[in-house]
Amino acid sequence: MILYTPLNEQEIFEDEDNSVYQFVTVNHATVKLRRDPGLNGYQIVHMTSTDPADYLNKELQPGTTYYL
């Protein structure tokens with residue numbers, strides 16, 4: 001079976017604990033956040049957007065700490 005999707009394999013076939021991850025929309029981009037208790041915030045794991053400029057935005061890069 002072939003899936004044509006912008007989602008990565010981990011989002012389709014999730015084996016992870018969903019309580020640790022949260023999806024948030026920021027400036028028309030969807031980011032997957034992982035709760036990081038050591039930083040008292042969230043760390044961006046994955047970002048999906050239809051706007052190419054969002055991929056150049058340093059605030060939305062994976063590994064960046066995000067506070068809700």
Side-chain angles (χ1 to χ4, degrees):
M1 174 170 55
I2 298 173
L3 297 175
Y4 294 99
T5 178
L7 302 175
N8 61 21
E9 183 178 317
Q10 289 80 22
E11 291 174 326
I12 297 170
F13 305 107
E14 289 196 35
D15 292 326
E16 305 160 343
D17 184 14
N18 288 333
S19 64
V20 176
Y21 293 96
Q22 182 175 1
F23 288 91
V24 177
T25 301
V26 179
N27 298 335
H28 305 291
T30 302
V31 293
K32 181 179 181 180
L33 302 172
R34 181 179 67 218
R35 191 175 25 190
D36 193 349
L39 297 173
N40 293 328
Y42 293 84
Q43 185 177 28
I44 296 176
V45 177
H46 182 74
M47 192 267 297
T48 305
S49 177
T50 56
D51 184 6
D54 287 338
Y55 291 94
L56 299 174
N57 187 349
K58 292 186 182 211
E59 296 175 356
L60 299 176
Q61 295 296 315
T64 304
T65 302
Y66 185 79
Y67 300 97
L68 293 177

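The figures that follow rest on heavy atoms only: side chains count, while hydrogens, waters and symmetry mates do not.
Here the closest non-hydrogen pair linking Asp36 and Gln43 is OD2-OE1, 4.5 Å. Considering all non-hydrogen atoms of both residues, Leu60 and Ala29 come closest at CD1-CB, 4.1 Å.
Residues Ile44 and Leu33 form a side-chain contact, since some pair of their non-hydrogen atoms from C-beta on lies under 4.5 Å apart.
Looking only at distances, no side-chain donor or acceptor of Tyr55 sits under 3.5 Å from a matching main-chain atom of Thr50.
Legend: residues meeting side chain to side chain contact (heavy atoms under 4.5 Å, CB included) with Asn27, ordered by chain and number and at least two apart, are absent. For Thr30, the side chain to side chain contact (heavy atoms under 4.5 Å, CB included) test picks out Phe23, Thr25, with sequence neighbours left out. With sequence neighbours left out, the side-chain hydrogen bond (donor to acceptor under 3.5 Å, both in side chains) criterion links Gln61 to no other residue.
Interatomic distance, Glu59 CD to Thr65 OG1, rounded to the nearest 0.5 Å: 12.5 Å. Between atom OH of residue Tyr66 and atom CD of residue Gln22 there is a gap of 9.5 Å, rounded to the nearest 0.5 Å.
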